[in-house]
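The structure displayed is predicted, hence computed values, not measured ones.
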Amino acid sequence: MGRFHRHADGTVHEHHHDHGHDHGHAHDHTHDHDHDVIVHHDDHRDVGDHSGYETGRERIDVLEDIFSENDRLAAANRKAFDDNSVTCVNLMSSPGAGKTTLLRHTLAAAQDRLRVGVIEGDIETDIDAEKLGGFGAQVSLLNTGAGFGGECHLDAPMVAHALEGLDLSTLDLVLVENVGNLVCPAEFEVGAHRRAMIASVTEGEDKPVKYPVMFRSVEVVVVNKMDLMPHLDFDMELFRANLEKVNPGVQVIECSARTGEGVDEWLAWLDPRLAQ
C-alpha cells in the first residue's frame, strides 16, 4: 500500500513502504547480539508521480489516517522504551553536518557509564554504522532504499522494525541517527522522548528561517564545526537571531565534533551520567 508524504509547504507525494511484516507487533528482544552491527535492508521506493495530485476532503482524510497510524506506532515505540526504562533521542541534521562524528564522541564517553543503542538511518550503505562499531554499543542499521528511491526520513514503522535489532532490556539510551535532511525527519514522530539537531556553520545563518519546521521541533541545536569559523563568514549572532524567531529560548551548544570543543556540554544535555 502506498503512503502519502506531506511536506511542510503542503506538497504531497506518495511513497511505497513495503516492510514485509506487520508493524503492530510486540518487540521480542531474546535474540543474540554477537555482532556490533545488525543490518535491516528495507526498500521504500518512490512510486508516485510528484505532480497533478487531486485535492479534496477524501485526500485529506487519507493523509490524516496515515499520520494517525504513524503516531499510533510512535506511541507503541515509546511504550517499548518506557517499559524498559530506556530514553530515546532523535538526532537530525542535513547531510554532512556531523551527526556520526558527534555520535562517536558520545559512544566513547558512554563506555563503562551508560548502555547505549543506536538506530542508524541511511538511504544506502553501512558506512556510518561501521564508524560507530567498536565502542560496545548495539547498532541497528536501517537502509531506507535499495539502489534508488530511498525514503528521506525515518518514521515510526521503520524505527519499530529497527528495534528488532536492539535488546532494549539491556540498554539505558537509544540514539536515532535520522536520515540527513532538513525537512522530512521533523514531520514524523518515531517514539523518541527528546529531539536534537546539528546545524553546521558551513550551512549558513539562514537555515532556521528557511527550514523552520525542523528548527522549531527540537529542544537543542548543536552548532557544529566551530573550528572552521576563522575560515568562514558565518555570523553566529545572526544565526541565533534567526533561530530565536522560530524556536524562542531553545538551547544552543557551540561545538566542534572534530576537536572536541563543546562536546562535554552536549553530553551533559544528553545524560548527566555522561558528563561526570
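- Closest of all the heavy-atom pairs between Phe239 and Gly204 is CD1-O, 4.1 Å.
- In terms of modelled atom types and a separation under 3.5 Å, the side chain of Ser140 and the main chain of Ala162 share a donor-acceptor contact.
- To the nearest 0.5 angstrom, Met158 atom CE is 11.5 Å from Asn143 atom CG.
- The two residues Leu91 and Ile198 come nearest to each other via the heavy atoms CD1-CG1, 4.1 Å.
- Distance alone, capped at 3.5 Å, is enough to place a donor-acceptor pair between the Arg195 side chain and the Ala186 backbone.
- One hydrophobic cluster, built from ILVMFWY side chains closer than 4.5 Å, holds both Leu232 and Met226.
- Among Val159, Val174, Leu175, the single residue meeting the side chain to side chain contact (heavy atoms under 4.5 Å, CB included) criterion with Cys88 is Val174.
- Of all heavy-atom pairs between Ser217 and Met92, the closest is OG-CE, 4.0 Å.
- The backbone N or O of Ala257 lies less than 3.5 Å from a partner atom in the side chain of His105, making a donor-acceptor pair.
- Side-chain heavy atoms closer than 4.5 Å link hydrophobic residues (I, L, V, M, F, W, Y) into clusters, and following such links, possibly through other members, connects Met229 to Val223.
- Taking CG of Leu267 as the reference point, atom SG of Cys255 lies at 9.0 Å (rounded to 0.5 Å).
- Checking Leu102, Asn90, Leu154, Asp128 one by one against Glu177, the side chain to side chain contact (heavy atoms under 4.5 Å, CB included) holds for a single residue, Asp128.
- Atom CD of residue Glu120 and atom CG of residue Leu142 lie 10.0 Å apart, to the nearest 0.5 angstrom.
- Residues Leu182 and Lys207 are in side-chain contact: their nearest non-hydrogen atoms beyond the backbone lie under 4.5 Å apart.
- Listed for the Glu265 side chain is no donor-acceptor partner under 3.5 Å among the backbone atoms of Gly262.
- Of the possible polar contacts, one joining the Arg78 side chain to the Ala192 backbone as a donor-acceptor pair under 3.5 Å is found.
- With hydrogens and angles left out, the side-chain atoms of Asn242 and Asp206 include no donor and acceptor closer than 3.5 Å.
- Looking only at distances, a side-chain donor or acceptor of Asn247 sits under 3.5 Å from a matching main-chain atom of Val218.
- Taking hydrophobic clusters as Ile, Leu, Val, Met, Phe, Trp and Tyr residues chained together by side-chain heavy-atom distances below 4.5 Å, Leu238 does not share a cluster with Phe234.
- For the residue pair Asn224 / Ser200, no side-chain donor-acceptor distance below 3.5 Å is found, with atom types taken as modelled.
- Residue Lys131 holds its NZ atom at 6.5 Å from OG1 of Thr101, rounded to the nearest 0.5 Å.
- Side-chain atoms of Asn84 do not come within 3.5 Å of backbone N or O of Val86 as any donor-acceptor pair.
- Using a 4.5 Å heavy-atom cutoff, the side chains of Asp172 and Thr87 are not in contact.
- Interatomic distance, Leu274 CG to Asp271 CG, rounded to the nearest 0.5 Å: 5.0 Å.
- How far CG of Leu132 is from CD1 of Ile127: 12.0 Å, rounded to the nearest 0.5 Å.
- Asp82 and His193 share a side-chain donor-acceptor pair at under 3.5 Å.
- Cluster membership check: Leu228 shares its hydrophobic cluster with Val221, using side-chain heavy-atom separations under 4.5 Å among Ile, Leu, Val, Met, Phe, Trp and Tyr.
- Judged by distance alone, the side chain of Asn77 and the main-chain N or O of Val190 form a donor-acceptor pair under 3.5 Å.
- Between the side chain of Glu205 and the main chain of Asp235, a donor-acceptor pair closer than 3.5 Å is present.
- Distance alone, capped at 3.5 Å, is enough to place a donor-acceptor pair between the Ser256 side chain and the Thr259 backbone.
- Put simply, the residue from Thr170, Leu171, Leu163 that forms a side chain to side chain contact (heavy atoms under 4.5 Å, CB included) with Asp167 is Thr170.
- Between Ser169 and Arg115 the shortest heavy-atom distance is O-NH1, 4.3 Å.
- With sequence neighbours left out, Phe215 forms a ring-ring contact (aromatic ring centres under 6.0 Å, His included) with no residue at all.
- Heavy atoms only, all atoms of each residue included: Pro185 and Met214 are closest at CB-CE, 4.2 Å.
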